[in-house]
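Below is one structure, written out as structure tokens, with a few remarks after it.
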Amino acid sequence: MSNIKAITAKEFRSYFDSPVAYIYITFFLVLSSWLFLRGFFLIGQASMRGFFGLLPWLLLFFVPAVTMRLWAEEKKLGTIELLMTLPIRDHEAVIGKFLASFLFLTLTLVLSVSIPLMIALVGDPDPGPIIGGYIGAVLLGAAYLSIGLFVSSLTENQIIAFIIGVVATFALFIVGEEFVVYSAPHALVPVLKFIGMGAHFDSIGRGVVDSRDVIYYLSVIGFFLYLNVRSLESRSWK
Amino acid sequence: MIEVRHLSKHFGATVAVDDVSFNVSRGEVLGFLGPNGAGKSTTMRVLTGYIPPTSGSAHVAGLDLRSDSLSVRRRIGYLPESAPLYGDMEVIDFLRFIASVRGIPAGETTDRIGRMVRRCGLEKVIGRPIHHLSKGYRQRVGLAQAMIHDPDLLVLDEPTTGLDPNQIIEIRELIRELGREKTVILSTHILPEVEATCGRVLIINDGKIVASGTPGELAQGEGKETVHLSVRAPSREAVEEKLGTGELVEKVSWKGNGGEGIHRFVITGPSGKGLGEALFHAAVESGWTISELRPERANLEDVFHRLTRRDGP
């Protein structure tokens with residue numbers, strides 16, 4: 001437990017040791033606010049639906065950028081040899097890194113709280129969907145993080161980790177969308193709809209936190225963290 | 001302290017370490033000597049638990065490397081080749097991180113780090129990001145990191161590469177000092193380093209141990225001893241004649257005239273039989289004045305070259 005804490009603290013701090021963290025956060029907040037506010041005043045509704053509609057697509061690029069470094073850099077610089085010869089279990093290293101990126105994502109989402117505050121000033125929004133939207137965003141983001149982290153462990157090149165991370169999360173997000181499901185064989189439709197990350201996000205975003213959706217996200221996270229531990233063990237096959 | 005039995009490591013079709021067995025006792029400084037790519041680093045990576053062996057077994061302090069990997073790792077301090085460190089971190093933060101993962105109680109951390117900083121001479125760079133440090137300082141941070149939990153066994157992979165001569169001497173002194181109380185394994189392809197620091201040497205080539213012993217034993221393995229002799233004598237021929245009849249002397253070669261009747265010679269004979277002493281007595285008997293009588297330093301370089309030369313193309 002203390003190992004996980006030490007790794008989480010180290011990784012979280014290392015985001016801020018370079019300007020990268022500030023650039024990411026600024027970029028995310030500016031882009032999300034601008035894209036959202038552009039439509040907000042046109043529609044004239046005190047709701048964040050537009051924001052949460054954008055979020056999965058923004059996170060699609062934001063999250064792999066947050067995770068691409070975590071393993072790829074260790075491999076590139078050889079520090080993984082240092083890390084894995086410390087008395088740390090593989091899963092502790094994986095969970096520590098995941099939690100650090102999760103804290104970073106949560107921090108970014110918390111900073112975007114200026115948007116609902118502003119809406120509350122100019123109108124009278126329904127808090128349910130906003131809170132639900134944020135819970136959904138955290139869960140969706142965490143699932144993206146686990147995928148991005150796993151992908152990062154497969155390569156020592158951060159750019160490749162980023163691109164594959166985007167493609168992988170995009171694939172998992174889109175697989176349940178109507179236009180994919182439409183062309184799929186009939187028997188697969190319910191499976192695809194369940195696997196697709198988007199649908200689960202939409203239902204939480206309506207303000208309905210269903211345990212099935214929560215369990216879905218937790219299993220995705222658990223699955224990819226497990227794969228990550230396995231890919232660390234695979235250094236033994238090389 | 002360490003027991004390695006029939007250890008092999010294959011990477012696909014490549015055999016990096018091939019059926020290696022050796023023991024290291026407590027308080028010994030063991031050097032792995034070998035050309036680049038001989039399997040030194042791979043052996044160390046297996047011993048430190050970074051990669052598992054393909055076959056064979058290794059025990060550290062009686063603990064099996066496979067089943068007790070975590071306990072083994074707790075007892076080892078490891079400096080990987082070229083000291084990979086987290087460049088973005090400041091030295092002090094990095095050492096704090098290592099201390100916390102190494103399970104050093106929070107109350108002792110500052111004290112421990114302070115000791116390491118003094119011992120490795122890091123006072124000036126403590127607040128600097130690691131990637132701003134020179135190679136020598138990085139290497140010392142790597143050493144501080146490896147020693148912070150006071151391990152019984154230190155594994156140092158090429159601890160002096162990239163350092164300047166002064167730093168090399170400092171690090172060697174540090175290793176010798178450590179060797180008094182701890183077990184140290186270090187690898188190098190620099191021969192004087194082995195002679196300067198190691199109590200015992202394993203010469204590794206193509207993944208196999210090709211020789212082992214103290215640096216002196218290995219050098220004498222050639223069976224020859226060379227002595228430089230300069231004497232004031234009536235003539236060169238007289239000396240050659242006198243020495244040539246000595247039973248220990250195999251070859252006398254004249255190296256020139258040192259001026260004022262001094263002649264210089266290089267004499268070779270079998271090692272370990274007291275060639276130097278025999279020459280001294282010969283000189284005294286003949287009434288020559290000795291101005292130099294110096295055994296040549298045992299030459300590990302020749303042994304190394306002979307053992308690790310690759311035959312064929």
Side-chain angles (χ1 to χ4, degrees), chain A residues 1-24 66 68-97 99-100 104 156 158 229-238, chain B residues 9-12 14 16 41-42 44-54 66 68-90 93-94 96-106 109 129-131 138 141-142 145-146 148-149 151 155 157:
Chain A
M1 208 43 216
S2 69
N3 284 345
I4 295 179
K5 222 174 98 188
I7 292 173
T8 304
K10 173 199 154 281
E11 294 292 345
F12 186 68
R13 273 202 66 167
S14 77
Y15 278 114
F16 297 93
D17 280 341
S18 66
V20 171
Y22 304 99
I23 294 171
Y24 282 178
V66 169
M68 65 182 185
R69 205 193 90 249
L70 290 168
W71 287 115
E73 194 180 57
E74 298 251 14
K75 289 186 153 190
K76 184 105 185 172
L77 300 180
T79 47
I80 191 161
E81 191 171 347
L82 188 76
L83 185 69
M84 300 325 283
T85 51
L86 289 169
I88 299 174
R89 290 182 179 86
D90 291 1
H91 74 261
E92 291 174 331
V94 170
I95 293 172
K97 280 176 183 275
L99 287 180
F104 184 76
E156 57 177 50
Q158 295 192 31
V229 173
R230 294 309 301 264
S231 85
L232 281 188
E233 284 169 2
S234 80
R235 71 181 183 271
S236 51
W237 311 333
K238 281 181 244 148
Chain B
K9 178 69 194 177
H10 301 204
F11 294 101
T14 335
S41 292
T42 309
M44 291 187 151
R45 284 176 172 173
V46 170
L47 280 179
T48 52
Y50 179 57
I51 46 175
T54 309
R66 290 172 198 253
D68 285 316
S69 170
L70 224 51
S71 321
V72 170
R73 280 187 259 165
R74 279 199 192 96
R75 278 154 218 263
I76 297 182
Y78 179 37
L79 173 67
E81 190 174 355
S82 71
L85 305 167
Y86 295 107
D88 285 341
M89 293 177 97
E90 288 173 9
D93 289 334
F94 175 68
R96 277 208 195 103
F97 166 65
I98 298 290
S100 73
V101 173
R102 286 290 187 184
I104 291 168
T109 308
I130 291 172
H131 65 239
R138 288 171 52 109
V141 174
Q145 165 277 129
I148 198 158
H149 56 300
V155 179
D157 199 351

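Below, chains carry the letters A, B, ... as their sequence lines are ordered, and counting in each starts from 1.
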Atom CD in A:Glu74, atom OH in B:Tyr86: separation rounded to 0.5 Å?
3.5 Å
Per-residue contact mode, A:Glu92 against chain B (heavy atom under 4.5 angstrom):
neither
A:Arg89 versus chain B, heavy atoms under 4.5 Å apart: side chain, backbone, both or neither?
both
Are any side-chain N or O atoms of B:Arg73 and backbone N or O atoms of A:Thr85, one a donor and one an acceptor, separated by less than 3.5 Å?
no
From CG (A:Leu86) to CD1 (B:Ile76), nearest 0.5 Å
11.5 Å
Which bit of B:Glu90 comes within less than 4.5 Å of chain A, counting heavy atoms only: side chain, backbone, both or neither?
neither
Looking only at heavy atoms, which two atoms of B:Tyr50 and A:Met84 are closest? And how far apart?
CD1-CB, 3.8 Å
One option among B:Arg102, B:Glu81, B:Arg74 has the most heavy-atom pairs under 4.5 Å with chain A, and it is B:Arg102
Before giving the answer on side-chain contact (heavy atoms from CB on, under 4.5 Å), spell out for A:Arg13 and B:Met89 the whole-Å C-alpha distance, their side-chain angles and the decisive distance to 0.1 Å.
CA-CA 9 Å; A:Arg13 273 202 66 167; B:Met89 293 177 97; over 6 Å; no
May I ask you to test the B:Pro84-A:Leu77 pair for a side-chain heavy-atom distance under 4.5 Å?
no
Taking every heavy atom of B:Ser100 against every heavy atom of A:Asn3, the minimum-distance pair comes out as O-OD1, 4.5 Å
Between B:Val101 and A:Pro87 the two heavy atoms that sit nearest each other are O-CG, 4.0 Å
Less than 4.5 Å apart, any side-chain heavy atom of A:Ile7 and any of B:Phe97?
yes
